[in-house]
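To start, the structure itself, in structure tokens.
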Amino acid sequence: MTQEHQGGTRGWAAARKGVWSWLRFTSLRLRLVLVFGLVALTAAVSASGIAYWLNREAVLTRTQDAVLRDFEQEMQNRAGALPEHPTQDEVQHTAGQMANSSQRFGVLLVAESADGGSVYGSSGGLGGFALSDVPESLRTAVNKEQKVTSANKHPYHLYWQRITDDGTPYLVAGTKVIGGGPTGYMLKSLEPEAKDLNSLAWSLGIATALALLGSALLAQALATTVLKPVHRLGVAARRLGEGKLDTRLRVSGTDELADLSRTFNSAAEALEKRVADMAGREQASRRFVADMSHELRTPLTAITAVTEVLEDELEFEGEGGSFDPMVEPAVRLVVSETRRLNDLVENLMEVTRFDAGTARLVLDDVDVADQITACIDARAWLDAVDLDAERGIHARLDPRRLDVILANLIGNALKHGGSPVRVSVARADDEILIRVRDHGPGIPEDVLPHVFDRFYKASASRPRSEGSGLGLSIALENAHIHGGGITAANSPEGGAVFTLRLPQDPSPAADEDGEDADAETAENAAGAPGDGSRGKDAKGQV
């Protein structure tokens, strides 16, 4: 794949991720746009609805008043001029004349003939406006005679009603001629006004849609303006979380976001100062431990040489040694404590190297079964340890550091657990699993989370023990530097189980051909296994 294609793929992926994050409902930008659009839509729909309703009433009222006024005038002038008992032709002619008024409405006249019957005259002929087209309620109201009072000076009035026929709106009105005469009905189509109102509705709908689109664009612009400082704050927070403590935000303005930026800068500055102080103290503490350990090595070398001579004298005491029986226990205590102090110093130096990041791997192709056998044989544990490991399982490991791990795990099992101790080896994918199980009472549940802590003692009332409390922590660090780890648990069948997980081909922390300046110290530390912090017995002694 070419570099240009890879760059294009990454760019497309980043763009798609940006669009998806923008479309998520939890996105503040999307919520701002939606809320802003909803408000704008509500306002636009309300304004359009009110405008449409006002215009509709105005148009219909204006048209209705003009038609009714013209119809009433035609009824008075033309229908009122008919004789008391007009003929069919007279009624028909008058209806046609009335329909030719400026408003162009249909007319139906109903009069009483000389023989007492009813004659009809319609402006549309036989197929035109008929009495059946007039709502019955309107006919009843038109023909109902009202009582004449001071407030009501005429027995008959003009009535109107809006109807719809086949989807077309109409205005229907009717009245009687004042003073006696025919009854007239009018039918006016409101289709032109309805078309005008439909055009108005479409115009208002388009205006509403444009307003909604404009509000969405405006909301997007405002959201970008508002959220840009928030985005910068998020980027700065991520950089701060990555350890770039010199990250600061550019502050401009006096609004709430500017105050937030100032607060972030103040917090970042305080955090940087605090971390710098802590790093300085930690470095000073490590330097102190390292210097102290190095300084202790010189007198310890001399003391160790003396204790070795004393130990040799103790061994040959039975062959004519000159130790006073009262002095012998003190000499044995000095020898034991000197050895313990020497192991502690070496462990402290090893821990200091791990903390300083100077520990390195010297990798070699190792047969795991042979390495475990060598570790057990060197410490005379063959009779106390059952080994379940087939030969031929190879891995690239640091033999010395693997020996330190095994010595600590097996030594702890022998010292604090119960015999027999069983060591098994298995291969899982690209990893080597080494399990060390004892048959003791197991590890108390409250101790399990702390077995790899430095200097941890399960019983505070008995802080003094043969170990320093650093063995398991050093073993764990050696596993980590290989890219693996160690876990502690209790077996369902009883006893504790420590599982060492190591990759078959780790990524070394340094050149595998590099010299490890701490080899001699680590060899000494490997000779003092089993000083980790784990439960010794049912009482929880460490």
Side-chain angles (χ1 to χ4, degrees), residues 57 59-197:
E57 290 301 317
V59 169
L60 293 178
T61 301
R62 184 173 59 252
T63 303
Q64 176 180 293
D65 291 344
V67 172
L68 294 178
R69 188 168 48 250
D70 194 14
F71 173 65
E72 188 175 16
Q73 185 176 1
E74 290 293 328
M75 285 294 294
Q76 292 177 359
N77 294 338
R78 297 188 182 276
L82 287 172
E84 184 178 357
H85 299 288
T87 63
Q88 175 70 38
D89 294 336
E90 290 175 337
V91 174
Q92 185 69 37
H93 177 71
T94 301
Q97 288 180 331
M98 293 175 62
N100 290 328
S101 66
S102 59
Q103 295 299 325
R104 297 294 178 181
F105 44 71
V107 177
L108 172 65
L109 294 178
V110 182
E112 185 179 352
S113 63
D115 57 2
S118 297
V119 293
Y120 300 91
S122 176
S123 59
L126 294 177
F129 184 27
L131 190 61
S132 59
D133 297 328
V134 180
E136 185 176 355
S137 58
L138 180 63
R139 285 181 281 164
T140 301
V142 169
N143 294 315
K144 184 176 180 180
E145 183 178 359
Q146 304 288 333
K147 184 177 180 181
V148 177
T149 61
S150 58
N152 182 31
K153 299 182 178 180
H154 303 286
Y156 299 101
H157 297 275
L158 175 65
Y159 295 94
W160 57 270
Q161 185 177 347
R162 294 174 191 164
I163 62 173
T164 302
D165 186 12
D166 293 334
T168 302
Y170 291 94
L171 175 65
V172 182
T175 186
K176 279 183 172 291
V177 176
I178 299 174
T183 301
Y185 296 97
M186 178 273 302
L187 181 68
K188 171 65 176 178
S189 173
L190 299 178
E191 186 175 5
E193 287 73 15
K195 291 182 178 179
D196 293 341
L197 292 175

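Every value quoted in this text rests on a predicted model; they were computed, and no experiment measured them.
- Here L158 contributes atom CG and M75 contributes atom CE; the two are 9.0 Å apart, rounded to the nearest 0.5 Å.
- Summarising the geometry, atom CZ belonging to R162 is positioned 4.5 Å from atom CG belonging to L60; distances are rounded to the nearest 0.5 Å.
- Residue pairs that meet the salt bridge (Lys or Arg N to Asp or Glu O under 4.0 Å) test with at least one member in residues 93-103, sequence neighbours left out, do not exist here.
- Interatomic distance, N77 CG to E72 CD, rounded to the nearest 0.5 Å: 10.5 Å.
- Put simply, the side chain of L108 does not reach to within 4.5 Å of the side chain of L187, judged on heavy atoms.
- For D115, the side chain to side chain donor-acceptor pair (under 3.5 Å) criterion is met by S113, not counting sequence neighbours.
- From Y185, atom OH reaches atom CZ of F71 across 9.5 Å, with rounding to the nearest 0.5 Å.
- For the pair E74/M186, no side-chain contact is recorded, criterion being any heavy-atom separation below 4.5 Å from C-beta on.
- Contact between S101 and D70 at its shortest, heavy atoms only, is OG-OD2, 3.0 Å.
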Enumerate donor-acceptor pairs with a distance under 3.5 Å from any side-chain N or O in residues 133-148 to protein atoms, sequence neighbours excluded.
from	atom 1	to	atom 2	distance (Å)
D133	OD2	A130	N	3.1
R139	NE	V134	O	3.3
T140	OG1	E136	O	2.9
N143	ND2	R139	O	3.1

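- Residues V91 and A111 come closest through the heavy atom pair CG2-CB, 4.1 Å.
- Scored by the side chain to side chain donor-acceptor pair (under 3.5 Å) test, Q97 finds R78, H93 as partners (sequence neighbours excluded).
- Shortest non-hydrogen contact noted between L109 and G184 is CD2-CA, 3.7 Å.
- Considering only residues two or more places apart in sequence or on other chains, A99 meets the side-chain contact (heavy atoms from CB on, under 4.5 Å) condition with V107, S123.
- Every residue meeting the side chain to side chain donor-acceptor pair (under 3.5 Å) condition with N100, not counting sequence neighbours, appears here in chain and number order: R104.
- Under the side-chain contact (heavy atoms from CB on, under 4.5 Å) criterion, T61 pairs with E57, D65, not counting sequence neighbours.
- Distance check: M98 CE to Q73 CD gives 10.5 Å after rounding to the nearest 0.5 Å.
- V59 is not listed as a side-chain neighbour of D196, based on a closest heavy-atom distance of 4.5 Å or more.
- With sequence neighbours left out, R62 forms a side chain to side chain donor-acceptor pair (under 3.5 Å) with no residue at all.
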What pairs of donor and acceptor atoms, side-chain ones from residues 165-182 against any protein atom, are under 3.5 angstrom apart with sequence neighbours left out?
from	atom 1	to	atom 2	distance (Å)
T175	OG1	H157	O	3.4
K176	NZ	T183	OG1	2.7

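- Every residue two or more places apart in sequence or in another chain that forms a side-chain contact (heavy atoms from CB on, under 4.5 Å) with A66 is listed here: R69, Q103.
- The minimum heavy-atom distance linking P83 with P86 is given by the pair O-CD, 3.3 Å.
- Atom CG in L68 sits 13.5 Å away from atom OH in Y159 (nearest 0.5 Å).
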